[in-house]
Amino acid sequence: MNIGMIVFTARGFDLGERLCAALEGTGHHVLLNRCANGALDHWTKNRFAIDDALVFIGAAGIAVRAIAPYIKSKTSDPAVLVLDETGRFIIPILSGHIGGANDLARTIGALHGAIPVITTATDCSGVFAIDAWASRKQMCILNPERIKWISARLLAGEKIAFRSLFPIKGKLPGGFSEDKKNYDIAITIKTKGSHAALRLVPPVLTLGVGCRRGVSAEDLDRAFDMILKKSSFYEEAVCQVCSIDLKAEEAGLLSFCRSRDLPFRTFSASALANVQGSFTASEFVRKTTGVDNVCERSAVLGSGGTLLTKKDAGNGITMAFAVAPYTVRFLEE
């Protein structure tokens, strides 16, 4: 997690230095700033846009006024926490669940001995927080407005039914049961099903791509939108793009990946040829690349899982989807 930390006094700075060292020792990256006169708004605006979390060492009122102009959405705002300069209390004030402020408060509490002051209703009542869980699992919450509805029902002692396209392992949270027909939560990569349910999408799909030389990003965009529509998959379920190493510097393909913020991986022809499974063979592709199929084989190799769609071809572009092995575990045991 990238953390911006700001302090206002010499005492706060000493505390900030100790806390930075402790947090960086657990894998976080922290940038500590001693606030100069008149610089708070500039710092807040800048860090609010690029950091995963902001930590104010000082008064809560200062933090609230500083962040107020920049708050947009619980799905995009960074975690914001306040630590008093004696290091006694650590208080999440924004994005407690999805942004991870509550978890970071607990981490700081464990590292430094500060008392986490958690105010979210589900945490205070010992109720399973579906949004915090989904965020930790890196799921996309497609309709976050349904979170409040789920949490309110759990807090009222009502039962929540869920449907998952993936196998479930371990114990279920209190109040949860599985129901494939009448469900309040859907863990899915498919666009079909009840849209009244809270829809959670894990990033488990790999897009395999083969393409002609000089293909444009625009043509790849159109092909991608088409295969998503045909397969009824959410774009949010796609976590990477894979191809053969001959395409490692293909400008249109690189531009396509950048525009979608998707990592791009490539494999050698021999590595692709060694992938086990039934694939759509092409003699032309074999003569051109050294392997009989690029999109299907690269999707399977990149995902480490199972081919879901055979190649979809058109305009010199082939695409296929594979899914990584995935199980849903609500509670750590």
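Throughout, residue positions are numbered sequentially from 1 according to the sequence presented.
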J.: The test is side chain to side chain contact (heavy atoms under 4.5 Å, CB included); show your working for Ser177 and Lys159 and say whether it passes.
T.: CA-CA 8 Å; Ser177 63; Lys159 301 297 183 182; 5.5 Å; no
J.: Is the count of non-hydrogen atoms from other residues, nucleotides or ligands lying under 6.0 Å from Glu145 atom CD greater than 12?
T.: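 Atom CD in Glu145 is packed in, count exceeds 12.
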J.: Do Val30 and Val80 share a hydrophobic cluster, counting only Ile, Leu, Val, Met, Phe, Trp and Tyr and linking them when any side-chain heavy atoms are less than 4.5 Å apart?
T.: no
J.: Under 6.0 Å from the CD atom of Glu249, do we count more than 12 heavy atoms belonging to anything else shown?
T.: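 It does not: Glu249 CD has 12 such atoms or fewer within range.
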J.: Just by modelled atom types, is the Cys242 backbone N or O under 3.5 Å from a matching donor or acceptor in the Ser298 side chain?
T.: yes
J.: Does any part of the side chain of Ile160, heavy atoms only, come nearer than 4.5 Å to the side chain of Ile185, both counted from C-beta?
T.: yes
J.: Determine, for Asp103 against Arg136, whether the closest basic-nitrogen to carboxylate-oxygen distance falls under 4.0 angstrom.
T.: yes
J.: Are the side chains of Phe264 and Val241 in touch, meaning some heavy atoms are under 4.5 Å apart?
T.: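 Yes, at least one pair of side-chain atoms sits under 4.5 Å.
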J.: Check Asp51 with Arg47, please: is the shortest side-chain N to carboxylate O separation under 4.0 Å?
T.: yes
J.: Determine, stepwise, if the pair Tyr183 / Phe162 fulfils ring pair (Phe, Tyr, Trp, His ring centres under 6.0 Å).
T.: CA-CA 5 Å; Tyr183 50 90; Phe162 71 91; 9.6 Å; no
J.: What pair of heavy atoms forms the shortest contact from Ala114 to Gly87, and how long is it?
T.: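 Residues Ala114 and Gly87, closest heavy atoms: CB-O, 3.3 Å.
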J.: Would you tell me whether Thr120 and Thr122 have side-chain atoms, one donor and one acceptor, within less than 3.5 Å of each other?
T.: no
J.: Any side-chain to backbone donor/acceptor pair from Thr309 onto Phe321? Under 3.5 Å, distance only.
T.: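 Checked: pair present.
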J.: Please evaluate residues Val215 and Leu220 with respect to the criterion side chain to side chain contact (heavy atoms under 4.5 Å, CB included), reporting the C-alpha separation (whole Å), side-chain torsions for both, the decisive distance (0.1 Å), and the verdict.
T.: CA-CA 7 Å; Val215 68; Leu220 288 162; 3.9 Å; yes
J.: Does the pair Ser164 and Glu178 meet the rule for a side-chain hydrogen bond (donor to acceptor under 3.5 Å, both in side chains), with working shown?
T.: CA-CA 8 Å; Ser164 174; Glu178 191 170 6; 5.8 Å; no
J.: Decide side chain to side chain contact (heavy atoms under 4.5 Å, CB included) for Leu19 and Met5; before the verdict, give the C-alpha distance in whole Å, the side-chain angles of both, and the deciding distance to 0.1 Å.
T.: CA-CA 10 Å; Leu19 187 55; Met5 186 178 297; 3.7 Å; yes
J.: Would the distance check show the side chain of Glu296 and the main-chain N or O of Gly208 forming a donor-acceptor pair, the cut-off being under 3.5 Å?
T.: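 Judged by distance alone, no pair lies under 3.5 Å.
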J.: With heavy-atom distances below 4.5 Å as the criterion, would you say the side chains of Phe279 and Lys311 are in contact?
T.: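 Not touching, per the 4.5 Å side-chain cut-off.
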J.: Is the number of heavy atoms from other residues, nucleotides or ligands within 6.0 Å of CZ (Arg34) greater than 12?
T.: yes
J.: With a 4.5 Å heavy-atom cut-off, do Cys295 and Arg297 have their side chains touching?
T.: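 No. Closest side-chain heavy atoms not under 4.5 Å.
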J.: Does any non-hydrogen side-chain atom of Glu235 lie less than 4.5 Å from one of Arg260?
T.: yes
J.: Would you check if the side chain of Ser125 reaches a backbone N or O of Val127 as a donor-acceptor pair within less than 3.5 Å?
T.: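 No, the answer is negative, given that no donor and acceptor are paired below the 3.5 Å cut-off.
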J.: Return yes if some donor-acceptor pair links the side-chain N/O of Gln138 with the main-chain N/O of Pro202 below 3.5 Å, else return no.
T.: no
J.: Salt bridge check, Asp184 against Arg153: does any charged N sit closer than 4.0 Å to a carboxylate O?
T.: yes
J.: One pair to check against side chain to side chain contact (heavy atoms under 4.5 Å, CB included): Val82 and Val55. What are the steps and the verdict?
T.: CA-CA 6 Å; Val82 178; Val55 177; over 6 Å; no
J.: Hey, is NE2 on His195 packed in by over 12 heavy atoms from elsewhere, all under 6.0 Å?
T.: yes
J.: Please answer: with hydrophobic residues joined when any side-chain heavy atoms are less than 4.5 Å apart, are Ile187 and Val323 in the same cluster?
T.: yes
J.: Less than 4.5 Å apart, side chain to side chain, heavy atoms only: is that true for Thr26 and Leu111?
T.: yes
J.: Can a donor-acceptor pair be found, under 3.5 Å and without considering hydrogens, that links the side chain of Asn143 to the backbone of Arg199?
T.: yes
J.: I'd like to know whether the aromatic ring centres of Phe48 and Trp43 sit less than 6.0 Å apart in this structure.
T.: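 Here the rings of Trp43 and Phe48 have centres that are no less than 6.0 Å from each other.
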J.: Answer yes or no: is there a side-chain heavy-atom contact under 4.5 Å between Met319 and Phe224?
T.: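 With C-beta onward as the side chain, the pair touches.
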J.: Between Arg106 and Asp123, does any side-chain N to carboxylate O distance fall below 4.0 Å?
T.: yes
J.: Look at atom CE of Met226 and say whether more than 12 heavy atoms of other residues, nucleotides or ligands are closer to it than 6.0 Å.
T.: no
J.: Using modelled atom types only, decide if a donor and an acceptor are shared between the side chain of Asp77 and the backbone of Lys72 within a distance under 3.5 Å.
T.: yes
J.: For Asn274, is there any backbone N or O sitting under 3.5 Å from a side-chain donor or acceptor partner on Gln276?
T.: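 Here the side-chain-to-backbone pair exists.
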J.: Answer yes or no: is there a donor N or O on one side and an acceptor on the other, between the side chain of Lys190 and the main chain of Ser231, under 3.5 Å?
T.: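 Flag set: sc Lys190 to bb Ser231 pair under 3.5 Å.
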J.: For Ile317, which of Leu253, Ile227, Asp219 qualifies under side chain to side chain contact (heavy atoms under 4.5 Å, CB included)?
T.: Asp219
J.: Could you measure the distance from the OG1 atom of Thr266 to the CG atom of Leu272? Nearest 0.5 Å is fine.
T.: 9.0 Å
J.: Crowded around Arg212 CZ? As in, over 12 foreign heavy atoms under 6.0 Å?
T.: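 Atom CZ in Arg212 is crowded, with more than 12 foreign heavy atoms closer than 6.0 Å.
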J.: Checking Lys169 side chain against Val328 main chain: does a donor-acceptor pair fall under 3.5 Å?
T.: no
J.: Do the side chains of Thr86 and Arg11 get nearer than 4.5 Å, heavy atoms only?
T.: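 Result yes, sub-4.5 Å side-chain heavy-atom pair found.
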